[in-house]
Every structure is written in C-alpha cells, then in structure tokens.
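Keep in mind that this is a model prediction, so the values were computed, not measured.
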Amino acid sequence: MASTACFMIVSKNDIPIYEAEVGTVPKKEDAAHQHQFILHAALDIVQDMAWTTSAMFLKAIDRFNDLVVSVYVTAGHILSFVSTDLMLSLFFLRIYTYEKRVNILQTLLNPLYLPGSRITSSHFDTKVRALARKYL
C-alpha cells in the first residue's frame with residue numbers, strides 16, 4: 001500500500017466538490033498540504049490534455065518528488081484526481097479509478113444532488129476510503 005494518497009473531484013467549473021486523504025498523515029505542517037498544491041498545479045495540465053486526447057484516464061500527468069498525479073476525466077468534464085506515491089501500480093490505480101467512477105456517477109445522478117455543490121455524503125466517503133484500502 002502507498003503511504004499516502006489524496007483524491008480530489010473537481011467540477012467542470014474548477015470547483016473542488018470532494019477531497020479525501022488516506023494513508024499515513026504527514027507530520028510536518030508543510031507536508032500536510034503538499035498533495036493539494038500538487039493537484040491544483042496539475043489542473044491546468046489536465047485542462048489542456050483533456051481537449052487533445054480521446055483517452056479518459058490520463059496516467060502520470062504530473063510528478064513532484066515521489067508523488068504522481070493521475071486523472072480520470074468524465075464526458076461532462078468532471079475531473080477525478082489521484083495523487084499517490086511512485087510505488088503504486090498503474091494497474092491497481094486504473095481499477096480503483098473505474099470503481100470510484102461508478103460511485104461518482106451514482107452520487108451525481110442522485111435527484112437530490114445539486115450540480116456543482118460539494119459531495120458531503122458519508123456513504124460516498126466510506127466507499128471511496130474502502131476502495132482506497134482495497135486497491136491502494
């Protein structure tokens with residue numbers, strides 16, 4: 001298992017609608033926000049790449065030290081970011097991203113969900129963290 005992983009879902013208006021960090025918690029104050037800075041820096045790269053490729057899973061689009069950012073782009077341009085350690089297998093990352101996509105679609109298609117609002121469902125959070133423990 002990777003020591004840390006950070007997940008972020010960004011709406012098509014560049015608003016983060018879900019964030020989660022699993023694994024060991026960094027001890028330094030600066031390291032605690034390192035994943036978030038890396039994911040926000042990768043946002044511009046993803047927006048350029050999303051229009052130039054037909055692939056929905058963009059692997060290893062950005063690297064910083066030992067962290068790698070991969071992204072799954074939906075047809076509605078909702079971005080699902082994953083920032084993990086280098087030792088993580090891309091095979092397991094792809095499986096994780098596919099299963100997380102199912103959870104995202106179920107949540108976004110819920111008639112009680114307001115488009116663009118934060119995902120606050122504890123059930124969704126539990127599923128995402130369970131998938132992370134299983135695959136990452």
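With values rounded to the nearest 0.5 angstrom, Asn103 atom CG is found 9.5 Å from Ser121 atom OG. With rounding to the nearest 0.5 Å, the separation of NE2 in His40 from CZ in Phe81 is 9.0 Å. Taking CD1 of Ile17 as the start and CD1 of Ile119 as the end, the distance is 4.0 Å to the nearest 0.5 Å.
Remark: Thr120 engages Arg118 in a side chain to side chain contact (heavy atoms under 4.5 Å, CB included) (not counting sequence neighbours). Residues satisfying the side chain to side chain contact (heavy atoms under 4.5 Å, CB included) test with Leu105, not counting sequence neighbours, are Arg101. Every side chain to side chain contact (heavy atoms under 4.5 Å, CB included) that Phe64 has, sequence neighbours left out, goes to Gln34, Ile38. Residues passing the side chain to side chain donor-acceptor pair (under 3.5 Å) test with Glu19 are Gln36, sequence neighbours excluded.
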Kindly list each side-chain donor-acceptor pair under 3.5 angstrom involving residues 42-52, sequence neighbours excluded, with atom names and distances?
from: Gln47; atom 1: NE2; to: Asp14; atom 2: OD1; distance (Å): 2.5
from: Gln47; atom 1: NE2; to: Asp14; atom 2: OD2; distance (Å): 3.0
from: Thr52; atom 1: OG1; to: Met49; atom 2: O; distance (Å): 3.1

Review item, side-chain donor-acceptor pairs of residues 124-131, under 3.5 Å, at least two apart:
from: Asp125; atom 1: OD1; to: Tyr18; atom 2: OH; distance (Å): 2.5
from: Asp125; atom 1: OD1; to: Arg129; atom 2: NE; distance (Å): 3.2
from: Asp125; atom 1: OD2; to: Arg129; atom 2: NE; distance (Å): 3.1
from: Thr126; atom 1: OG1; to: Ser122; atom 2: O; distance (Å): 2.7
from: Arg129; atom 1: NH1; to: Glu21; atom 2: O; distance (Å): 3.1

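Scanning both residues, Ser70 and Ala60, for their nearest heavy atoms gives OG-N, 3.2 Å.
In this structure, the side chain of Asn110 engages the main chain of Leu112 through a donor-acceptor pair within 3.5 Å.
Using a 4.5 Å heavy-atom threshold, the side chains of Ile9 and Phe7 count as separate.
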